[in-house]
Amino acid sequence: CGYTQSPRSACRHCANGDQTAVRSRGGAVCNRHRRWHLDGADIDLAQFPQYGHAERCLSGTLWKRGIGIATGELQLAATLIRYWAIDERPDARIEDRMSALGIGTLDVDTVLLAAYPEVVRLATVLTDLSFASYLLSPRFSLAEQVRALEAAVITIMQGSITTGLHDVAERIVSRGKAAVETAFGMRQNAHN
């Protein structure tokens, strides 16, 4: 309650077949009907119970952290997984989902649907206070922070570090590190 969310399409089964936009708590999956409803889609997920668990996590744990379906943290997790997948073949669980859902490759338009459970799990790790504090601490080197970010991704994806993942992780960490160093270097007064 308290967090505003941009409008997203509701489950068509819940809306009696109508195309409806809602702002309620939730993400891309209707747990009542086990359907993917993001961007007006209506995809049956009954054979993939892990989507329901991911939706409960997004609507619960992540929602309490201020994270919704369209926030940057979830998009960051999707981006990291997408870049990892450029050089690494997804494991059988994701390949099975991709095949059943008619998805050929993990790209910007399909990564959320194909890897929703992993994206939500990664967003949960990235926004954990101790992990985020480590990534934002100026006490650790860029290389250490990049390795931590890579480790989070490859642990969840059950894979290995790829060139695509390393490059995007390095860009993300260096941008964050520069922002933190700038913030720590600012004089503290009423204006900043």
Side-chain angles (χ1 to χ4, degrees), residues 26-29 31 34 36 38 43 45-137 140-177:
V29 177
N31 273 338
R34 291 177 282 195
W36 180 270
L38 192 64
I43 301 169
L45 298 173
Q47 63 182 324
F48 304 113
Q50 59 272 38
Y51 281 74
H53 177 71
E55 184 64 28
R56 286 187 295 280
C57 181
L58 181 69
S59 299
T61 302
L62 291 177
W63 184 265
K64 290 174 188 169
R65 295 178 187 175
I67 298 162
I69 192 69
T71 60
E73 297 86 354
L74 204 68
Q75 302 308 314
L76 172 63
T79 297
L80 287 163
I81 289 172
R82 183 169 55 88
Y83 276 88
W84 168 82
I86 290 170
D87 300 324
E88 176 92 9
R89 185 172 170 212
D91 66 11
R93 65 199 158 129
I94 295 175
E95 281 192 332
D96 290 346
R97 279 188 240 145
M98 290 172 65
S99 176
L101 298 171
I103 298 169
T105 59
L106 283 180
D107 59 31
V108 71
D109 296 322
T110 62
V111 67
L112 203 55
L113 174 58
Y116 191 65
E118 292 77 17
V119 168
V120 170
R121 272 197 322 224
L122 183 55
T124 304
V125 170
L126 297 177
T127 59
D128 178 80
L129 183 58
S130 60
F131 189 82
S133 296
Y134 179 82
L135 281 184
L136 296 174
S137 174
F140 301 102
S141 72
L142 175 73
E144 290 171 317
Q145 291 168 325
V146 169
R147 279 194 299 273
L149 190 53
E150 291 169 336
V153 176
I154 65 171
T155 299
I156 287 169
M157 298 309 293
Q158 299 175 358
S160 57
I161 296 170
T162 66
T163 303
L165 172 61
H166 179 75
D167 292 345
V168 76
E170 195 169 62
R171 283 196 312 267
I172 289 165
V173 171
S174 62
R175 234 182 294 153
K177 195 168 191 58

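Remember, predicted model here, so these are calculated numbers, not experimental data.
The minimum heavy-atom distance between Ala114 and Met98, with the atom names listed, is CB-CG, 3.7 Å. Nearest heavy atom pair, residue Asn31 against residue Gly52, reads OD1-CA, 3.0 Å. Contact detail for Ala54 and Val120: the closest heavy-atom pair is O-CG1, 3.5 Å.
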- Item | Chi angles and distances behind the side chain to side chain contact (heavy atoms under 4.5 Å, CB included) call for Val111, Thr79 | CA-CA 8 Å; Val111 67; Thr79 297; over 6 Å; no
- Task: Could you walk me through whether Leu45 and Leu101 pass the side chain to side chain contact (heavy atoms under 4.5 Å, CB included) test, one step at a time?
- Result: CA-CA 9 Å; Leu45 298 173; Leu101 298 171; 4.2 Å; yes
- Message: Does Tyr83 form a side chain to side chain contact (heavy atoms under 4.5 Å, CB included) with Leu106? I'd like the steps, not just the answer.
- Response: CA-CA 9 Å; Tyr83 276 88; Leu106 283 180; over 6 Å; no
- Task: Would you check, one step at a time, whether the test side chain to side chain contact (heavy atoms under 4.5 Å, CB included) holds for Trp36 with Leu113?
- Result: CA-CA 8 Å; Trp36 180 270; Leu113 174 58; 3.5 Å; yes
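For Asp87, the side chain to side chain contact (heavy atoms under 4.5 Å, CB included) partners at least two apart in sequence or on another chain are Thr162, Thr163. For the side-chain hydrogen bond (donor to acceptor under 3.5 Å, both in side chains) test, no residue two or more places apart in sequence or in another chain qualifies with Thr124. Partners of Ala123 according to the side chain to side chain contact (heavy atoms under 4.5 Å, CB included) rule, which considers only residues two or more places apart in sequence or in another chain, are Leu62, Leu74, Ala77. Residues passing the side-chain hydrogen bond (donor to acceptor under 3.5 Å, both in side chains) test with Ser160 are Glu88, sequence neighbours excluded. Remark: Thr105 pairs with no residue by the side-chain hydrogen bond (donor to acceptor under 3.5 Å, both in side chains) rule, at least two apart or across chains. When the side chain to side chain contact (heavy atoms under 4.5 Å, CB included) test is applied to Thr155, no partner is found at least two apart in sequence or on another chain. Every residue two or more places apart in sequence or in another chain that forms a side-chain hydrogen bond (donor to acceptor under 3.5 Å, both in side chains) with Thr110 is listed here: Asp107. Residues satisfying the salt bridge (Lys or Arg N to Asp or Glu O under 4.0 Å) criterion with Arg89, sequence neighbours excluded, are Glu95. In this structure Ala100 satisfies the side chain to side chain contact (heavy atoms under 4.5 Å, CB included) test together with Gln47, Phe48, sequence neighbours excluded. Contacts of Phe131 classified as ring-ring contact (aromatic ring centres under 6.0 Å, His included), with partners at least two apart in sequence or in another chain: none.
Judged by distance alone, with hydrogens and angles left aside, the side-chain atoms of Lys177 form no donor-acceptor pair with the main-chain N or O of Ile172 at under 3.5 Å. A donor-acceptor pair under 3.5 Å is formed between the side chain of Gln145 and the backbone N or O of Leu135. With Thr71 contributing its side chain and Gly68 its backbone, the two residues share a donor-acceptor pair below 3.5 Å. Between the side chain of Ser137 and the main chain of Ser133, no donor-acceptor pair closer than 3.5 Å is present. For the pair Glu55 (side chain) and Val29 (backbone), a donor-acceptor distance under 3.5 Å is present.
For the pair Thr61/Thr127, no side-chain contact is recorded, criterion being any heavy-atom separation below 4.5 Å from C-beta on. Counting heavy atoms from C-beta on, the side chains of Arg82 and Val108 come closer than 4.5 Å. Counting heavy atoms from C-beta outward, Leu149 and Leu165 have side chains that stay 4.5 Å or more apart.
A distance of 12.5 Å separates OG in Ser59 from CD1 in Ile67, rounded to the nearest 0.5 Å. Met157 CE to Leu80 CG: the interatomic distance, rounded to the nearest 0.5 Å, is 11.0 Å. Going from atom CD1 of Ile81 over to atom CD1 of Ile154 covers 12.5 Å, rounded to the nearest 0.5 Å. Considering CD1 of Ile69 and CD of Gln75, their distance stands at 7.0 Å, rounded to 0.5 Å. Residue Glu170 holds its CD atom at 12.0 Å from CZ of Arg175, rounded to the nearest 0.5 Å.
Aromatic ring orientation, Tyr51 versus Tyr116: parallel (interplanar angle below 30°, classes split at 30° and 60°).
Counting only residues at least two apart or on different chains, the salt bridge (Lys or Arg N to Asp or Glu O under 4.0 Å) pairs with a member in residues 114-131 are Arg93-Glu118, Arg97-Glu118. Residues in residues 141-162 take part in no salt bridge (Lys or Arg N to Asp or Glu O under 4.0 Å) pair, two or more places apart or across chains.
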